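Below is one structure, written out as structure tokens, with a few remarks after it.
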Amino acid sequence: MNSIKIAARQPIDIEQTLQSGQVFRWNKIGEWYYLVINHNLVSIKQESLEDILVRSETLSGLDLETAVNDYFRLDDDIEYIYKSICTDKHIRSAIQSYRGLRIVRQDPWECLVSFICSANSNIPRISSNMTNLAAAYGNKLHLDEHSNYSFPSPHQIFQAGEQQLRELKLGFRARYVAAAAKFVLYGECDLDSLKKLSYEESKQTLTLISGVGQKVADCVLLFSLEKLQACPVDRWVRRAMEGWYSIEPNLSYEEISSWAINRWGPFTGYAQQYLFQQKRLEVSN
DNA sequence: CAGGTC
DNA sequence: ACTGG
């Protein structure tokens, strides 16, 4: 067992980050969060707002620190980002409530499947879909007495086929997930290589996939392909824009998204994530 | 009714 | 159009 402490020197809130609708396969057991990073089962405990403990069987030392740093984007200068997006009282209030919430850098293939599954669904159901996929076709990983699965490859999901995916309760999304697996598997699109392209070019490539429209593409770009200006506009973000920024209800996705990018600049994705969290959680209070 | 898409 | 939290 390898155990290290990471001093982020800036706010990192593991709970807020994991429950902000970016990541769908993690468990909390006691004070420890278990999640899979690069095919390694890792557990994380929050020590303070800037310090975390990390444990793993398969990664150690610098490899473990690097994996966790990359995943939670701990190299982002979050205080600078806060300053650059803090244009008004609504953002200020959201930052105050959710300080330490990070945009993650997750595996692009798992991220793509997650958000194809997000269509007309909800976070508990997306989690269920992703957990079912991993348990059915992934490889089992162990840490302590706990286990989880690596996310199945495009090949493993393509082999499964649409009918089996339907049996995992994906519904009409099964066809899109199967199509995406085929698209990636046959090399029409190497997802990691999209990091090198511009925001516009990589988005255009992603939307070639059936089941991937502007919203799903923006989520994949923001949460896995390092396009921090991407602004996914879902029901909650649209409500936030209409209620707090007097955006007309009939504006198109494109109009809202570019309005946001024009207002918040290169870190619009962070602004979007804080507004999303604020709007989504204010209703349940 | 749900972090949409065709 | 699927369906389950």
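Computed from a predicted model, the values in this text were never measured in an experiment. Every chain is numbered from 1, with letters handed out A, B, ... down the list of sequences. Worth knowing before you read on, the calculation uses all heavy atoms, side chains too, and leaves out hydrogens, waters and symmetry mates.
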Query raised in the report: How would you label the contact of Gly211(A) with the nucleic acid (heavy atoms, under 4.0 Å): base, sugar-phosphate, or nothing?
Result: sugar-phosphate
Query raised in the report: Contact class for Lys169(A) (heavy atom, under 4.0 Å): base, sugar-phosphate, or nothing?
Result: sugar-phosphate
Requested in this report: Mind checking Arg166(A) for me? I need base, sugar-phosphate or nothing, with any heavy atom below 4.0 Å counting as a touch.
Outcome: sugar-phosphate
Report task. Nearest whole angstrom, please: distance from the P of dG4(B) to the CG of Asp218(A). Result -> 13 Å
Query raised in the report: Which part of the nucleic acid, if any, lies within reach of Val233(A) when heavy atoms closer than 4.0 Å are counted: base, sugar-phosphate only, or nothing?
Result: nothing
Query raised in the report: Think Arg238(A) has a side-chain N or O under 4.0 angstrom from the OP1 or OP2 of dG4(B)?
Result: no
Query - Gln46(A) versus Tyr33(A), side-chain donor and acceptor atoms under 3.5 Å - result: no
Query raised in the report: Hey, what's the ring geometry for Tyr245(A) with Trp264(A), parallel, tilted or perpendicular (30° and 60° as the breaks)?
Result: perpendicular
Query raised in the report: Please give, in whole Å, the distance from dG4(B) C1' to Arg175(A) CZ?
Result: 14 Å
Query - Phe115(A) side chain, from C-beta outward: closest of dG3(B), dG4(B), dC6(B) - result: dG3(B)
Query raised in the report: Do we count Trp236(A) as stacking onto dG3(B) if the rule is ring centres under 5.5 Å and planes under 30°?
Result: no
Query raised in the report: Roughly, in whole Å, what's the span from CG in Leu208(A) to C1' in dT5(B)?
Result: 15 Å
Report task. Please state whether the base of dC1(B) and the side chain of Asn120(A) form at least one donor-acceptor pair under 3.5 Å? Result -> no
Query raised in the report: Salt bridge or not for Asp218(A) and Lys203(A), using N-O below 4.0 Å?
Result: yes
Query raised in the report: Over how many whole Å does the gap from Phe276(A) atom CZ to dA2(B) atom P extend?
Result: 11 Å
**Report entry** Separation of dG4(B) P from Asn129(A) CG (nearest whole Å)
**Finding:** 13 Å
Report task. Would you mind classifying the nucleic acid contact of Gln277(A) as base, sugar-phosphate or nothing, using non-hydrogen atoms under 4.0 angstrom? Result -> nothing
Query raised in the report: Rounded to whole angstrom units, what separation is found between the CD1 atom of Ile256(A) and the P atom of dG3(B)?
Result: 17 Å
**Report entry** Nearest-nucleotide comparison on DNA chain B, the residue closer to the 5′ end among Tyr176(A) and Ile123(A)
**Finding:** Ile123(A)
Query raised in the report: Just checking Ser20(A): base, sugar-phosphate only, or nothing, at a heavy-atom cut-off of under 4.0 Å?
Result: base
**Report entry** Check: dT3(C) base within 3.5 Å donor-acceptor of Arg125(A) side chain
**Finding:** yes
**Report entry** Assigned partner base of dC1(B), Watson-Crick or wobble definition, under 3.5 Å
**Finding:** dG4(C)
Requested in this report: Have a look at Leu168(A) and say if it touches a base, only the backbone sugar-phosphate, or nothing, with a 4.0 Å heavy-atom cut-off.
Outcome: nothing
Query raised in the report: Roughly how many Å is it from CD1 in Ile116(A) to C1' in dG3(B), rounded to a whole number?
Result: 14 Å
Query - Ser93(A) and Gln96(A) side chains, donor-acceptor separation under 3.5 Å - result: no
Report task. Establish, yes or no, whether the cationic atom of Lys89(A) lies under 6.0 Å from the six-membered ring centre of Trp244(A) and within 45° of the ring axis. Result -> no
Query raised in the report: Rounded to the nearest Å, what distance is computed from the CD atom of residue Gln19(A) to the P atom of nucleotide dG3(B)?
Result: 13 Å
Report task. For Leu170(A) and for Pro124(A), find the nucleotide of DNA chain C with the closest heavy atom, then tell me which residue's nucleotide is more 5'. Result -> Leu170(A)
Query raised in the report: Which part of the nucleic acid, if any, lies within contact of Tyr253(A), taking any heavy atom under 4.0 Å across all strands shown: a base, the sugar-phosphate backbone alone, or nothing?
Result: nothing
Query raised in the report: Is the shortest side-chain N/O distance from Arg235(A) to OP1 or OP2 of dA2(B) below 4.0 Å?
Result: yes
Report task. Examine the side chains of Gln10(A) and Asp77(A) and answer whether a donor and an acceptor come within less than 3.5 Å of each other. Result -> yes
